Amino acid sequence: DAGVIQSPRHEVTEMGQEVTLRCKPISGHDYLFWYRQTMMRGLELLIYFNNNVPIDDSGMPEDRFSAKMPNASFSTLKIQPSEPRDSAVYFCASSLAEWTTGGYNEQFFGPGTRLTVL
Amino acid sequence: ELKVEQNPLFLSMQEGKNYTIYCNYSTTSDRLYWYRQDPGKSLESLFVLLSNGAVKQEGRLMASLDTKARLSTLHITAAVHDLSATYFCAVLNRDDKIIFGKGTRLHILP
């Protein structure tokens, strides 16, 4: 398996522009997660999906951020309008459900998208 | 609210030495994860610990879990330079969210 695939790997944009990040999870995984990592705030969970349904979006910083998962093999994270403080590395991760004990197994992370908003 | 604390946050050590990274968490959980992140890279899963007393080992790394003490340790034996990385512990909370610690940046001097 190719692992979790993210695109683009790097994105440089100007303040006010719309940014769309893309993720393809590992085939067969039930869960998909979006994280943001910065030096100041560490690794933050933004939103996660189970079987394409958003379960918890309490980590989404504000209305400028939105995420969708139209099918089991694709998800997007959109920022509109973007601001310099959104500059970070955004990771997508996927995981298999743990049917015997509930929850999910370890997460497999994609390579990340490094976003720079000027 | 579940809080996950790692210590130390930074560690510089000599090759060949042993050391332990600690991960404390504030509320009951039955699942703990350890991840490794190399500079500029993604996170890689190292261990999943599911029960009290669980111990897992991979090469020079050994992780253990004490759910009563709400403590996990990651022990490094005879460190080598290739183990230099940031190590994260993460804990599954009751709402099925994984909460990450701030990470321990490990630098092993040759």
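Throughout, protein chains are lettered first and strands after them, A, B, ... in sequence-line order, and every chain is numbered starting at 1. Quick caveat: nothing in here was measured; it's all calculated off a predicted structure.
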Please classify the contact between I98(B) and chain A as side chain, backbone, both or neither, with a heavy-atom cut-off of under 4.5 Å.
both
So which of R41(A), E44(A), Q107(A) has the largest heavy-atom pair count under 4.5 angstrom toward chain B?
Q107(A)
Name the member of S42(B), A90(B), G40(B), G101(B) that forms the most heavy-atom pairs with chain A at distances under 4.5 Å.
S42(B)
Verdict with reasoning, Y35(B) to E106(A), per side chain to side chain contact (heavy atoms under 4.5 Å, CB included):
CA-CA 9 Å; Y35(B) 289 87; E106(A) 74 263 48; 4.0 Å; yes
Within a radius of less than 6.0 Å around CD of E14(A), do more than 12 heavy atoms belonging to other residues, nucleotides or ligands occur?
no
Residue Y35(A) versus chain B: region with a heavy atom under 4.5 Å
side chain
Can M69(A) be reached from M60(A) by stepping across I, L, V, M, F, W or Y side chains whose heavy atoms are under 4.5 Å apart?
yes
When you compare the side chain of K41(B) with that of P111(A), does any pair of heavy atoms fall below 4.5 Å?
no
Which pair of heavy atoms, one from D96(B) and one from Y48(A), lies closest together, and at what distance?
O-OH, 3.3 Å
If you round to the nearest 0.5 Å, how far is CG of L45(A) from NZ of K97(B)?
5.5 Å
Can you confirm whether more than 12 heavy atoms, excluding those of R114(A), are under 6.0 Å from its CZ atom?
no
Closest approach of F88(B) and Q37(A), non-hydrogen atoms and distance?
CZ-NE2, 3.7 Å
Between R94(B) and chain A, with a heavy-atom cut-off of 4.5 Å, which part of the residue counts as in contact: side chain, backbone, both or neither?
neither
Under 6.0 Å from the CZ atom of F74(A), do we count more than 12 heavy atoms belonging to anything else shown?
yes
Does atom CD of E62(A) have more than 12 heavy-atom neighbours, drawn from other residues, nucleotides or ligands, at distances under 6.0 Å?
yes
What part of Q37(B) gets within 4.5 angstrom of chain A, counting heavy atoms only: side chain, backbone, both, or neither?
side chain
Take atom CD of E15(B) as the centre, draw a 6.0 Å sphere, and report whether it contains more than 12 heavy atoms from other residues, nucleotides or ligands.
yes
Residues, nucleotides or ligands: over 12 heavy atoms within 6.0 Å of R70(B) CZ
yes
For S95(A), is it the side chain, the backbone, both, or neither that has a heavy atom closer than 4.5 Å to a heavy atom of chain B?
neither
Enclosure of D63(A) CG (heavy-atom neighbours >12, cutoff 6.0 Å)
no
